[in-house]
Amino acid sequence: MEKKWIVALLAALIVAYLGLWPFDSLDAGEIYMVETLLVSENDGEIGVYTGEFSAEGNTVNEAIKNLAERTPGQLFLRQTKRVIFCGDAEERINICAMPKELPVGVIVYRSDQEPEKLQEDYGEMERRLEAKERREDRLPILAELQNRALEKAEGESGVS
């Protein structure tokens, strides 16, 4: 019985050593987790900013794809806590077309400040928002905004 375990362990070590392991490993240092995502719109270009990296595109999804290409390692959006729309970005961006990688429970903020100003004060802004979130029970989340946009679209098309 012990021989079977030893043979299985040796086989696994050989497979791993030769690089034939069926799973890709990812070092935790290669993962870039985004807690706050700034979204802005300027002359039809959508910009996204994460605190260290930024990218642009014609849509939010394209901008995030470009951001993922610029980010060293793996861009991880599943832990995003908040999205901040700068200026008129929320009105000009289809909320329902937000990336599927963002959790639907992400808190949505709107800011009248220029994206550059928010980027300069990014760390302080995150600390203030985190304190505010602890104090307040009810903040708008992405799922609510998406539902409102869908209801509005259905009402405009006359479909129920």
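- The NZ atom of Lys152 lies 14.5 Å from the CG atom of Asn147; values are rounded to the nearest 0.5 Å.
- Side-chain contact check for Val83 versus Leu142: every heavy-atom pair is 4.5 Å or farther apart.
- Note on Lys65 versus Glu62: no salt bridge recorded, every NZ/NE/NH1/NH2 to OD/OE distance being 4.0 Å or above.
- Note: Asn66 CG to Thr59 OG1 = 9.0 Å, rounded to the nearest 0.5 Å.
- For the atom pair CZ (Arg134) and CG (Leu129), the distance works out to 11.5 Å, reported to the nearest 0.5 Å.
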Does the pair Ile84 and Val39 meet the rule for a side chain to side chain contact (heavy atoms under 4.5 Å, CB included), with working shown? CA-CA 6 Å; Ile84 302 172; Val39 180; over 6 Å; no
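- Here the closest non-hydrogen pair linking Ile141 and Val104 is CB-O, 4.1 Å.
- Between Met98 and Asn61 the shortest heavy-atom distance is C-OD1, 4.2 Å.
- For the atom pair CD (Gln119) and OH (Tyr49), the distance works out to 5.0 Å, reported to the nearest 0.5 Å.
- At least one side-chain heavy atom of Ile64 sits less than 4.5 Å from a side-chain heavy atom of Leu37.
- When side chains are defined from C-beta on, Thr80 does not count as touching Met33, because their heavy atoms never get closer than 4.5 Å.
- Across every non-hydrogen atom of Arg78 and Pro103, the tightest pair is O-CG, 3.5 Å.
- For Asp121, the side-chain contact (heavy atoms from CB on, under 4.5 Å) criterion is met by Lys117, not counting sequence neighbours.
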Output, in order, the C-alpha distance, side-chain angles, deciding distance and verdict of side chain to side chain contact (heavy atoms under 4.5 Å, CB included) for Tyr32 and Glu52. CA-CA 10 Å; Tyr32 183 72; Glu52 293 181 46; 3.5 Å; yes
Test side chain to side chain contact (heavy atoms under 4.5 Å, CB included) on Glu45 and Asn58 and set out the steps. CA-CA 5 Å; Glu45 280 281 304; Asn58 293 324; 3.1 Å; yes
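- Leu38 places a side-chain heavy atom less than 4.5 Å from the side chain of Met125.
- Between Leu118 and Cys86 there is a side-chain heavy-atom pair separated by less than 4.5 Å.
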Decide yes or no on side chain to side chain contact (heavy atoms under 4.5 Å, CB included) for Val108 and Arg82, but give the supporting numbers first. CA-CA 6 Å; Val108 178; Arg82 58 192 72 85; over 6 Å; no
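- Contact of the Glu101 side chain with the Phe76 side chain is not registered, since no non-hydrogen atoms from C-beta on lie closer than 4.5 Å.
- Taking CZ from Arg70 and CD from Glu56, the interatomic distance works out to 5.5 Å, rounded to the nearest 0.5 Å.
- Side-chain contact between Phe53 and Val48: absent, with no pair of heavy atoms (C-beta onward) separated by less than 4.5 Å.
- Taking every heavy atom of both residues into account, Val34 and Thr50 meet most closely at CG2-CG2, 3.8 Å.
- Note: Arg135 CZ to Lys132 NZ = 7.5 Å, rounded to the nearest 0.5 Å.
- Across all their heavy atoms, Ala63 and Gly57 have their closest contact at CB-N, 3.7 Å.
- A salt bridge does not link Glu126 to Lys81: none of the charged side-chain nitrogens sits closer than 4.0 Å to a carboxylate oxygen.
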